[in-house]
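Written out below as structure tokens is the structure these notes cover.
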Amino acid sequence: MRNEAEFVSFAEGSTLRLRQLAYLMCRDWHLAQDLTQTTLTKMYLAWPRLTRRDGDPFQYARKVLLNALLDHKRLRSSTELTVNHFPERPTTPDTTAVRLALLDALALLSPRDRAIVLLRHWEDHSVETTAQILGVSRSIVKAQTTRALATLRTHLGEERLALFAA
């Protein structure tokens with residue numbers, strides 16, 4: 001059984017990474033913050049049940065984050081998008097246009113396709129690990145990855161997509 005001090009340490013070390021992943025999934029810093037807080041709350045409640053043999057608790061947190069996003073997308077109000085400010089992350093002028101184009105292209109994907117692309121290519125997980133995180137088969141991960149990357153290539157073109165992958 002894990003104790004509260006371990007949870008605090010986990011939360012402090014994972015919050016930024018969870019928030020960034022949430023932003024990439026939903027493209028809204030405010031919603032990303034809400035999803036991160038929801039994830040940490042659910043993690044806190046589940047913390048006593050998580051044992052050391054479960055491995056890295058971040059894997060469980062990532063799954064909780066995805067489920068929170070999918071639950072949010074099912075709500076009617078989830079179609080609203082706040083765009084009155086840009087992300088807080090500083091970027092160089094050369095990559096700003098590419099990053100904005102990538103975010104626009106990611107918005108074209110369904111939440112599950114976006115999660116698969118981010119897990120496979122942003123977090124660099126294997127097909128098997130991605131399938132396990134999302135609770136789907138390997139063939140679904142492969143098929144949806146192929147379809148999602150084709151959509152991104154159509155929207156971005158090979159050159160811009162290659163800049164993102166680098």
Side-chain angles (χ1 to χ4, degrees), residues 1-91 99-100 102-138 140-142 144-145 148-149 151-152 164:
M1 181 178 284
R2 297 179 183 207
N3 63 29
E4 192 164 328
E6 287 177 328
F7 174 78
V8 170
S9 175
F10 165 78
E12 288 173 347
S14 301
T15 300
L16 179 62
R17 189 171 165 200
L18 282 170
R19 188 174 37 237
Q20 289 172 340
L21 186 58
Y23 176 76
L24 290 170
M25 289 182 181
C26 69
R27 300 184 63 223
D28 179 349
W29 280 115
H30 296 290
L31 178 57
Q33 181 66 31
D34 291 346
L35 293 172
T36 302
Q37 290 301 319
T38 299
T39 299
L40 291 173
T41 301
K42 290 183 179 184
M43 287 292 295
Y44 180 78
L45 295 173
W47 198 254
R49 293 190 313 265
L50 297 175
T51 62
R52 292 200 188 278
R53 64 181 168 80
D54 288 334
D56 182 16
F58 191 80
Q59 291 178 353
Y60 183 74
R62 194 174 27 239
K63 191 167 190 170
V64 171
L65 176 68
L66 174 64
N67 287 337
L69 173 66
L70 294 175
D71 288 345
H72 176 78
K73 290 294 181 186
R74 289 184 192 109
L75 299 174
R76 243 175 222 228
S77 64
S78 69
T79 57
E80 298 174 6
L81 179 63
T82 304
V83 292
N84 61 348
H85 67 284
F86 287 102
E88 298 163 1
R89 295 181 66 197
T91 58
R99 287 183 181 273
L100 291 175
L102 177 63
L103 291 174
D104 288 341
L106 285 171
L108 298 173
L109 303 176
S110 70
R112 185 168 307 273
D113 286 351
R114 191 175 319 129
I116 287 173
V117 168
L118 291 172
L119 288 171
R120 291 279 295 124
H121 299 284
W122 183 266
E123 295 225 336
D124 200 27
H125 290 289
S126 67
V127 171
E128 293 79 16
T129 303
T130 302
Q132 181 185 10
I133 290 169
L134 297 176
V136 298
S137 70
R138 291 175 54 221
I140 289 176
V141 171
K142 289 178 182 180
Q144 288 186 304
T145 299
L149 289 177
T151 301
L152 292 176
F164 168 67

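The shown structure was predicted, so the numbers you read here are calculated from the model rather than taken from an experiment.
Contact between Leu152 and Leu106 at its shortest, heavy atoms only, is CD2-N, 3.9 Å. Across His30 and Asp28, no two heavy atoms sit closer than the pair N-OD1, 2.9 Å. Closest of all the heavy-atom pairs between Thr39 and Ala61 is CG2-O, 3.4 Å.
To the nearest 0.5 Å, atom NE2 of residue His72 and atom CG of residue Leu69 are 7.5 Å apart. In this structure, Phe7 CZ and Leu40 CG are separated by 5.0 Å, a value rounded to the nearest 0.5 Å. Atom CZ of Arg112 is separated from atom CE of Met25 by 10.5 Å, given to the nearest 0.5 angstrom. Atom-to-atom distance recorded for Met43:CE and Leu45:CG is 10.5 Å, nearest 0.5 angstrom. Going from atom OG1 of Thr145 over to atom CD1 of Ile140 covers 11.0 Å, rounded to the nearest 0.5 Å. Atom CZ of Arg62 sits about 6.0 Å away from atom CD of Gln59, to the nearest 0.5 Å.
Within the 4.5 Å cutoff, no side-chain heavy atoms of Trp47 are placed close to those of Glu4. Contact of the His121 side chain with the Leu149 side chain is registered, since non-hydrogen atoms from C-beta on lie closer than 4.5 Å. Asn3 is listed as a side-chain neighbour of Glu6, based on a closest heavy-atom distance under 4.5 Å. A heavy-atom distance below 4.5 Å is found between the side chains of Arg27 and Asp104. Counting heavy atoms from C-beta on, the side chains of Leu35 and Tyr23 never come closer than 4.5 Å.
Side-chain atoms of Arg19 never come within 3.5 Å of backbone atoms of Ala32 as a donor-acceptor pair (strictly under, hydrogens ignored). Within the 3.5 Å criterion, the main-chain N or O of Asp34 finds a donor-acceptor partner in the side chain of Thr38.
The environment of Glu123 atom CD is dense: over 12 non-hydrogen atoms of other residues, nucleotides or ligands sit within 6.0 angstrom.
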- request: Let me see the working for Leu24 and Leu103 under side-chain contact (heavy atoms from CB on, under 4.5 Å), right down to the final yes or no.
  value: CA-CA 7 Å; Leu24 290 170; Leu103 291 174; 4.0 Å; yes
